[in-house]
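Worksheet for the structure shown next.
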Amino acid sequence: MEKRATIKDVAEAAGVGVATVSRVLSGGSASPQTRERVLAVAAQLDYRPSALGRNLRQRRTGGIGLLVPDLTDTFFAQFAEGVLACARSAGEPVVLGSTAGDPEQEAELIGMLLEQSVDRLIAVPSGEEDTWAPAIRAGMTVVFADRLPARPSPEEEDPAAAAVGDLMLLDGVAAPLPAHGRAPELPAAPSVLADDRAGIRTAVRYLRGLGHRRIAFLGGPGHDRRVSAFREAVGSPVDEELVVFGTGSRDSAYAAASGLFQSRPDLSAVVAGGTCSARPRCWRPGSWTCGCRATCPSSCTTTCRGPSCAPRR
């Protein structure tokens, strides 16, 4: 029996990402050339997305999808246990996936869940809104936890096209949309979020109460709201050298923290954007260890406080 083509097969044959294939097949934004190539490859491979549009709504499996960045992380492991326990009590099967904080891997897993006709999904997102739009438009019920998908930044647009658009505006002519189109806003989806503003503000106030004045922020994917809260908490002017990001993995967080301490020996404390974005949690220069607890010259320990961390005596 011939193997059925998957969305990943279409993406590889068309030379694009899985997220692009999802957007094209769900009517999302894509350049005319990309759309034509993806549709041609899908037809050639006889690809039939069983879970898009009407097909998805008519063939529900009753299953629940769960996507988290890292199952080895304590917070996400406990979060997954809670979801599994609730689903078990309701007699619902759960399809569990780990994205490793990688938007491409996340898009691939979303495509897989759509193909399996999973109609409900709980997720800690790592990708941007474009990654999630196909699933929501296809009728999947999505609930975001801990954070929301990031909005594409204006800097990601083609600089040359942006410059032409600016000149046209100066001449009083309406600038056209980019060839690839502008991603529409993500349809509204329910979410369960921490009070980032209050948590970050409390952490910064606590650190300043201990005498810290040069406080850094170490964030990861989906921490846009938290870094905004940090900038607000520390006040102007914000030393941008003290705001750094990892990709979501522990190695990336370790590298970002190491670079931060090497470049800024005057740093005295760090606020971590989340449990997965920073290990070690909080440090003082000269003596720090990688793990849930750290040591420092004054023999203080660290404790995680929601989305942020602060040393305590």
Side-chain angles (χ1 to χ4, degrees), residues 67-80 97-106 109 124-128 145-147 150 194 196 199-200 203-204 206-207 210 212-231 233-234 238-312:
L67 298 182
V68 296
D70 182 5
L71 284 170
T72 65
D73 178 84
T74 304
F75 173 77
F76 295 128
Q78 292 178 346
F79 172 70
S98 175
T99 65
D102 179 12
E104 271 299 317
Q105 188 167 326
E106 181 176 76
L109 288 170
V124 180
S126 297
E128 295 185 341
D146 186 54
R147 59 202 187 209
D196 296 322
I200 297 293
V204 171
Y206 178 72
L207 289 169
L210 295 177
H212 297 285
R213 291 297 175 264
R214 289 182 177 82
I215 305 169
F217 178 88
L218 176 57
H223 288 169
D224 298 348
R225 293 166 62 244
R226 293 175 185 177
V227 72
S228 296
F230 175 77
R231 288 191 174 104
V234 298
V238 177
D239 188 343
E240 293 297 336
E241 288 186 355
L242 298 182
V243 180
V244 297
F245 292 88
T247 61
S249 70
R250 295 174 183 175
D251 289 343
S252 174
Y254 191 96
S258 298
L260 183 63
F261 281 113
Q262 290 174 9
S263 63
R264 294 299 298 264
D266 57 335
L267 174 65
S268 64
V270 177
V271 174
T275 58
C276 190
S277 68
R279 307 203 187 258
R281 310 290 179 142
C282 302
W283 317 260
R284 289 191 181 187
S287 178
W288 54 281
T289 59
C290 184
C292 191
R293 292 193 174 272
T295 60
C296 67
S298 59
S299 299
C300 67
T301 61
T302 63
T303 181
C304 182
R305 296 167 177 258
S308 56
C309 304
R312 66 179 180 186

Rounded to the nearest 0.5 Å, how far apart are [atom1] of [X] and [atom2] of [Y]?
{"X": "S126", "Y": "E106", "atom1": "OG", "atom2": "CD", "result": "5.0 Å"}
{"X": "L242", "Y": "L218", "atom1": "CG", "atom2": "CG", "result": "11.5 Å"}
{"X": "F76", "Y": "S98", "atom1": "CZ", "atom2": "OG", "result": "9.5 Å"}
{"X": "R213", "Y": "L267", "atom1": "CZ", "atom2": "CG", "result": "14.0 Å"}
{"X": "S228", "Y": "I200", "atom1": "OG", "atom2": "CD1", "result": "10.5 Å"}

Closest non-hydrogen atom pair between P69 and T99, with its separation: CA-OG1, 3.4 Å
Contact summary for P103 and G101, nearest pair of heavy atoms: CD-O, 3.5 Å
Derivation and outcome, side chain to side chain contact (heavy atoms under 4.5 Å, CB included), residues F75 and D70: CA-CA 9 Å; F75 173 77; D70 182 5; over 6 Å; no
Whether F217 and F230 hold their rings parallel, tilted or perpendicular, with breakpoints at 30° and 60°: tilted
R147 side chain to P125 backbone, donor-acceptor under 3.5 Å: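 At least one qualifying donor-acceptor pair exists.
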R226 side-chain N/O to D196 backbone N/O, donor-acceptor pair under 3.5 Å: no
For E241, side chain to side chain donor-acceptor pair (under 3.5 Å) partners two or more places apart: R264
Residues which pass side chain to side chain donor-acceptor pair (under 3.5 Å) with E240, listed by chain and number, not counting sequence neighbours: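 Partners of E240 by the side chain to side chain donor-acceptor pair (under 3.5 Å) criterion, ordered by chain and then number, come out as R231.
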Contacts of F79 that satisfy side chain to side chain contact (heavy atoms under 4.5 Å, CB included) - sequence neighbours left out: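 Partners of F79 under the side chain to side chain contact (heavy atoms under 4.5 Å, CB included) test: L66, V68, V83, I122, V124, A145.
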Set of residues satisfying side chain to side chain contact (heavy atoms under 4.5 Å, CB included) with respect to E104, sequence neighbours excluded: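 Partners of E104 under the side chain to side chain contact (heavy atoms under 4.5 Å, CB included) test: D102.
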